[in-house]
Peer 1: 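Before I ask anything, let me first share the structure, which is written out below as structure tokens.
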Amino acid sequence: MSIVFDEQSKLFYLHTPHTSYVFGLYQKFLLHGYWGPSLRELAPTPGLAYIAQMLGSSMGTSEPGSWLTRDCMRQEYPVYGTGDFREPAFHAEYEDGSRETELLYVGHTVTPGKPSLPGLPATFASEGEAETLTLELADPKTGLHVFLLYTAFSDVDAITRSVRVENRGGEVINIRRIMSASVDLPSLDFEAISLFGGWANERNLQRQPIGRGDITFDSKRGHSSAHQSPFLALVRPETTELSGEAYGMSFIYSGNFAAGVYGDITHTARMYMGLNSFDFNWRLEPGERFDAPEVAMVYSTEGLSGMSRNFHDLYRAHLVRGKYAHSPRPVLLNNWEATNFTFDEEKILSIAEGGRALGVDLMVLDDGWFGKRDDPKSSLGDWYVAKNKLPDGIDGLALKIEKMGMKFGLWFEPEMISPDSDLYRAHPDWCIHTPGRTRLESRWQLTLDLSRRDVCDYMLGLMYRVLDGAKISYIKWDMNRSICNIGSPALPRERQAEVPHRYMLGYYYMLEQLTSRYPDILFEGCASGGARFDAGQLYYTPQIWTSDDTDAVERLHIHYGTSLAFPPETQGSHVSACPNCVVHRNTPMKMRCDVAVIGQFGFELDLTRESEADLAVCRQAIEIYKDIRHTVHTGDIYRLASPFDGNFTAVQFVEKDGSRIVVAIYNVLATPNAPFTVIRLAGLDPDARYRDVVGNLYSGSYLMNVGLHECARNDFSSRIVTLDRV
């Protein structure tokens with residue numbers, strides 16, 4: 001069994017294949033006990049006194065009849081107002097103005113499988129793949145009931161947590177703060193790893209020591225953002241990519257979030273993640289419930305790569321859904337960097353013909369096909385075909401692409417509205433705004449109010465009309481601005497702070513309707529590049545555009561940081577023209593291809609303008625990609641050398657059965673008299689033998705101890721190495 005409750009010790013044990021998570025009852029509230037390598041036997045029954053430290057003082061607040069203070073206890077789900085002065089997981093305000101909550105144990109159930117979360121993305125599992133513990137806690141004064149949900153997976157080293165709140169009283173409850181997970185770890189000997197960035201510079205790795213006090217990473221932008229990722233890891237100072245302890249949290253949500261760690265005087269590190277409490281309130285009427293999004297939690301003793309493998313396995317098996325979850329996806333060609341808004345049908349067909357000649361599977365028409373969209377200043381919301389560009393419509397163009405032997409894809413930006421659009425002129429109240437305030441535009445656009453179901457249904461109707469009328473195999477869903485002027489005239493005054501979360505529920509509603517109606521369409525998420533690259537998005541779109549920066553050198557960093565939590569097959573990775581449109585760097589076609597083939601491969605350029613030599617490289621890259629993608633997209637990742645540490649990068653993928661190895665090697669700049677760089681592989685059978693493409697044989701022990709030797713004699717050098725076990 002994955003979940004066990006020991007009646008004598010009052011301890012809950014959650015087991016995954018190689019880890020255990022333990023907490024228990026102290027009186028009627030919950031204390032955290034342990035999270036780490038497997039505990040194969042139930043411990044003796046010392047109760048939880050060992051985690052309720054005897055540190056009462058005149059500055060603390062003690063439990064009746066004892067010196068125990070909650071401020072010094074390792075709590076499982078801390079609440080505001082009961083003497084714990086650290087960051088709470090839950091904070092509510094009641095109708096009498098009080099803000100104190102006491103959550104006491106009522107009971108628990110253990111059920112096979114995993115329940116879904118209404119209206120939210122979440123992991124899934126069959127009855128044989130997981131067990132779910134549901135703990136019921138209640139506030140004795142207010143009728144507030146809080147349900148803590150834990151799922152332990154039997155096939156993956158991962159635990160998920162979420163929270164449900166029910167108002168069973170007779171008065172309104174205002175939820176001010178709700179974290180989906182909080183864990184008190186008994187040490188401050190950690191470093192926090194987060195992913196920061198901005199447009200075209202997403203998911204840079206930041207590693208910093210923790211101390212006493214709070215370190216928070218968050219987004220208040222209405223989406224998970226390129227600036228901070230809804231991901232947090234705590235690692236030991238000695239932890240490397242391949243060894244050492246790593247605790248990871250990833251939020252399965254695409255909106256405002258907060259993640260952090262609070263260090264206290266008792267040497268406890270409180271790690272937490274959930275909805276951002278900034279400008280958040282949820283009004284819970286009597287009889288209503290609120291479901292908070294889910295957090296995925298993993299632990300590894302095999303370093304950062306081990307942590308990543310756990311996240312990758314969880315998301316591959318229990319988050320990504322649909323036809324393309326476990327099947328090869330098409331190599332695509334997108335016209336955006338080739339044409340921007342300036343194109344007609346003839347131009348798109350010529351680009352498609354260039355792709356067809358190389359072996360591309362899918363042609364994607366990006367922005368500019370609708371309304372009067374000749375620049376970014378108009379027509380968002382007017383999702384009808386611009387016949388001056390496409391006289392035979394989307395259906396006619398799609399048919400011509402299909403006759404070439406390729407599939408056809410289309411770009412949408414359904415969350416936005418242009419002030420210069422027929423839709424805005426008809427419905428100026430349909431955007432997010434505060435009446436009487438200036439409506440702040442970004443990229444000449446405003447944000448549609450997806451907290452309104454009528455707006456969501458109208459936009460879905462426009463999309464249905466296009467998708468039902470043409471042979472479309474792929475949709476790129478874009479979103480190109482953060483949300484400000486937060487307000488919705490459709491909601492009463494007391495519910496205005498609910499708008500950001502209600503917006504996300506509307507967004508998820510639209511995606512659920514679309515993916516259910518069109519199960520054969522491959523959906524790709526995009527938000528001005530990688531500004532909404534999160535686990536919540538993956539529930540609906542099995543791949544996400546990783547960044548608008550397609551420069552090969554920059555993408556080494558972006559792919560590396562993204563891979564901390566997300567599998568390579570989720571990362572849209574395209575070859576673009578040079579000089580690069582973002583950093584204006586020239587890199588050889590081979591390096592551009594070698595970087596892109598370890599993601600979700602495609603092209604973002606006009607292939608009719610490329611030289612025969614570069615086209616030959618592209619053609620070979622497609623062959624390489626199709627040869628290695630099963631290993632890269634289903635295998636185990638080992639990051640061998642980081643681009644954040646220097647000039648050299650190497651990443652390795654190992655087939656789950658150990659039969660194949662792919663190693664991607666990159667050197668940015670050559671140096672005179674450069675020594676050989678030694679690349680020691682990892683995760684191999686030391687006694688097995690492996691053959692490379694030219695017939696050389698190596699033992700696993702040789703590859704892991706002596707390694708491959710690389711000497712870069714040119715700038716921007718790269719190669720893809722494949723080894724097969726014999």
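If you read the sequence from its start, that first residue is 1, and numbering goes on from there. Keep in mind that what you see is a predicted model, and the values were worked out from it rather than measured.
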Peer 1: Using side chain to side chain contact (heavy atoms under 4.5 Å, CB included) as the criterion, point out the one residue from Met591, Lys590, Arg592 that pairs with Asp594.
Peer 2: Lys590

Peer 1: I need the Cys581 SG to Asp551 CG distance, nearest 0.5 Å.
Peer 2: 9.5 Å

Peer 1: Would you check if the side chain of Asn485 reaches a backbone N or O of Leu440 as a donor-acceptor pair within less than 3.5 Å?
Peer 2: yes

Peer 1: What's the separation between atom CD in Glu623 and atom SG in Cys618, rounded to the nearest 0.5 Å?
Peer 2: 11.5 Å

Peer 1: Show the nearest heavy-atom pair for residues Ile432 and Leu448, with the distance to one decimal.
Peer 2: CG1-O, 3.7 Å

Peer 1: Using side chain to side chain contact (heavy atoms under 4.5 Å, CB included), reason through Glu202 and Thr546 one step at a time and then give a plain yes or no.
Peer 2: CA-CA 8 Å; Glu202 295 89 345; Thr546 317; over 6 Å; no

Peer 1: Report yes or no: does His501 contribute a side-chain atom to a donor-acceptor pair with the main-chain N or O of Gly255 at less than 3.5 Å?
Peer 2: no

Peer 1: State plainly whether the residues Arg532 and Glu415 are in salt-bridge range, i.e. N to O under 4.0 Å.
Peer 2: yes

Peer 1: Which is it for Tyr503 and His223 under the ring-ring contact (aromatic ring centres under 6.0 Å, His included) test, yes or no, and what are the steps along the way?
Peer 2: CA-CA 10 Å; Tyr503 180 95; His223 54 96; 9.6 Å; no

Peer 1: Do other residues, nucleotides or ligands put more than 12 heavy atoms under 6.0 Å from the NZ atom of Lys626?
Peer 2: yes

Peer 1: Is the distance between the ring centroids of Tyr625 and His633 under 6.0 Å?
Peer 2: yes

Peer 1: Assess whether side chain to side chain donor-acceptor pair (under 3.5 Å) is satisfied between Ser547 and Asp549, documenting all intermediate values.
Peer 2: CA-CA 5 Å; Ser547 177; Asp549 189 343; 5.4 Å; no

Peer 1: Decide whether Tyr315 and Ser250 meet the rule of one side-chain donor and one side-chain acceptor closer than 3.5 Å.
Peer 2: yes

Peer 1: Can you check ring-ring contact (aromatic ring centres under 6.0 Å, His included) on Phe341 and Trp336, steps first, answer last?
Peer 2: CA-CA 8 Å; Phe341 297 100; Trp336 176 247; 5.1 Å; yes

Peer 1: Centre-to-centre under 6.0 Å for Phe412 and Trp477, is that the case here?
Peer 2: no

Peer 1: Show the numbers, then the answer: is there a salt bridge (charged side-chain N to carboxylate O under 4.0 Å, His left out) between Asp367 and Arg373?
Peer 2: CA-CA 8 Å; Asp367 196 357; Arg373 187 76 164 172; 2.9 Å; yes

Peer 1: With no hydrogens and no angle check, just 3.5 Å: does a side-chain donor-acceptor pair link Ser308 and Arg639?
Peer 2: yes

Peer 1: Would Glu524 and Lys476 pass as an ion pair if we require N to O under 4.0 Å?
Peer 2: no

Peer 1: Which one of Trp545, Phe231, Phe566 satisfies the ring pair (Phe, Tyr, Trp, His ring centres under 6.0 Å) criterion with Phe533?
Peer 2: Phe566

Peer 1: Determine whether Arg309 and Glu302 satisfy the following criterion, salt bridge (charged side-chain N to carboxylate O under 4.0 Å, His left out), listing intermediate values before the conclusion.
Peer 2: CA-CA 10 Å; Arg309 292 192 292 275; Glu302 297 179 351; 2.9 Å; yes

Peer 1: Taking atom types as modelled, is there a side-chain donor on His227 or Ser219 under 3.5 Å from an acceptor on the other?
Peer 2: no

Peer 1: Once rounded to the nearest 0.5 Å, what's the spacing between atom CG of Asn335 and atom CG of Asn340?
Peer 2: 9.0 Å

Peer 1: What verdict does the side chain to side chain contact (heavy atoms under 4.5 Å, CB included) test give for Leu365 and Phe408, after you've listed the backbone C-alpha separation in whole Å, the side-chain angles of each residue and the deciding distance to 0.1 Å?
Peer 2: CA-CA 8 Å; Leu365 177 60; Phe408 177 73; 4.0 Å; yes

Peer 1: With side-chain hydrogen bond (donor to acceptor under 3.5 Å, both in side chains) as the test, pick out the partner of Thr631 among Arg660, Gln652, Glu655.
Peer 2: Glu655

Peer 1: Show the nearest heavy-atom pair for residues Glu710 and Ile679, with the distance to one decimal.
Peer 2: CB-CD1, 3.9 Å

Peer 1: Atom CG in Asp375, atom CH2 in Trp444: separation rounded to 0.5 Å?
Peer 2: 7.5 Å

Peer 1: Can you name the nearest heavy-atom pair linking Met307 to Leu564, along with the distance?
Peer 2: CE-O, 3.8 Å

Peer 1: Please work out which of the three classes, parallel, tilted or perpendicular, describes the rings of His557 and Phe644, given edges at 30° and 60°.
Peer 2: perpendicular

Peer 1: Ile417 and Cys431: which non-hydrogen atoms are nearest, and at how many Å?
Peer 2: CG2-CB, 4.2 Å

Peer 1: Just how far is it from atom SG of Cys526 to atom CG of Asn480, taken to the nearest 0.5 Å?
Peer 2: 6.5 Å

Peer 1: With sequence neighbours left out, write down each residue that passes side-chain hydrogen bond (donor to acceptor under 3.5 Å, both in side chains) with Ser379, or none if nothing qualifies.
Peer 2: none

Peer 1: Identify the two heavy atoms, one from Met510 and one from Pro414, that lie closest to each other, and give their separation to 0.1 Å.
Peer 2: CE-CB, 4.3 Å

Peer 1: Find out whether the Lys NZ or Arg CZ of Arg203 is both under 6.0 angstrom from the six-membered ring centre of Tyr560 and within 45° of the ring's axis.
Peer 2: no

Peer 1: With sequence neighbours left out, which residue pairs that include part of residues 313-323 fulfil the salt bridge (charged side-chain N to carboxylate O under 4.0 Å, His left out) condition?
Peer 2: Asp313-Lys656, Arg316-Glu569, Arg321-Glu512, Lys323-Asp520

Peer 1: When rounded to the nearest 0.5 angstrom, what is the spacing between CG in Leu605 and CD1 in Ile351?
Peer 2: 9.0 Å

Peer 1: So, Asp374 and Lys389, do they make that salt bridge, N to O below 4.0 Å?
Peer 2: yes

Peer 1: I need the minimum non-hydrogen distance between Ile558 and Ala200, along with the two atoms involved.
Peer 2: CD1-O, 4.2 Å

Peer 1: Strictly under 6.0 Å, is that where the ring centroids of Phe523 and Tyr540 end up?
Peer 2: no

Peer 1: Please evaluate residues Val360 and Met406 with respect to the criterion side chain to side chain contact (heavy atoms under 4.5 Å, CB included), reporting the C-alpha separation (whole Å), side-chain torsions for both, the decisive distance (0.1 Å), and the verdict.
Peer 2: CA-CA 7 Å; Val360 169; Met406 302 170 67; 3.9 Å; yes

Peer 1: Between Asp534 and Ser254, is any side-chain donor less than 3.5 angstrom from a side-chain acceptor?
Peer 2: yes

Peer 1: For a side chain to side chain contact (heavy atoms under 4.5 Å, CB included) check, start with the C-alpha distance between Thr550 and Arg555, then their side-chain angles and the critical distance, and finish with the verdict.
Peer 2: CA-CA 6 Å; Thr550 51; Arg555 275 297 184 106; 4.1 Å; yes

Peer 1: Determine whether a donor-acceptor pair (N or O, by modelled atom type, separation under 3.5 Å) exists between the side chain of Glu294 and the backbone of Thr123.
Peer 2: yes

Peer 1: Centroid separation under 6.0 Å, is that true for the rings of Tyr474 and Trp411?
Peer 2: no

Peer 1: Inspect the contact between Asp614 and Arg609 and indicate whether a charged nitrogen and a carboxylate oxygen are less than 4.0 angstrom apart.
Peer 2: no

Peer 1: Is there a donor-acceptor pair closer than 3.5 Å between any side-chain N or O of Ser418 and the backbone N or O of Ser421?
Peer 2: no

Peer 1: Between Arg207 and Ala192, is there a donor-acceptor pair closer than 3.5 Å when you use the side chain of the first and the backbone of the second?
Peer 2: no

Peer 1: May I ask you to decide whether Asp218 forms a salt bridge with Lys220, counting only side-chain N to carboxylate O separations under 4.0 Å?
Peer 2: yes

Peer 1: Please step through salt bridge (charged side-chain N to carboxylate O under 4.0 Å, His left out) for the pair Arg329 and Asp361, ending with a clear verdict.
Peer 2: CA-CA 9 Å; Arg329 300 171 203 159; Asp361 305 309; over 6 Å; no

Peer 1: Kindly say whether Asn201 contributes a backbone atom to a donor-acceptor pair with the side chain of Asn204 at under 3.5 angstrom?
Peer 2: yes

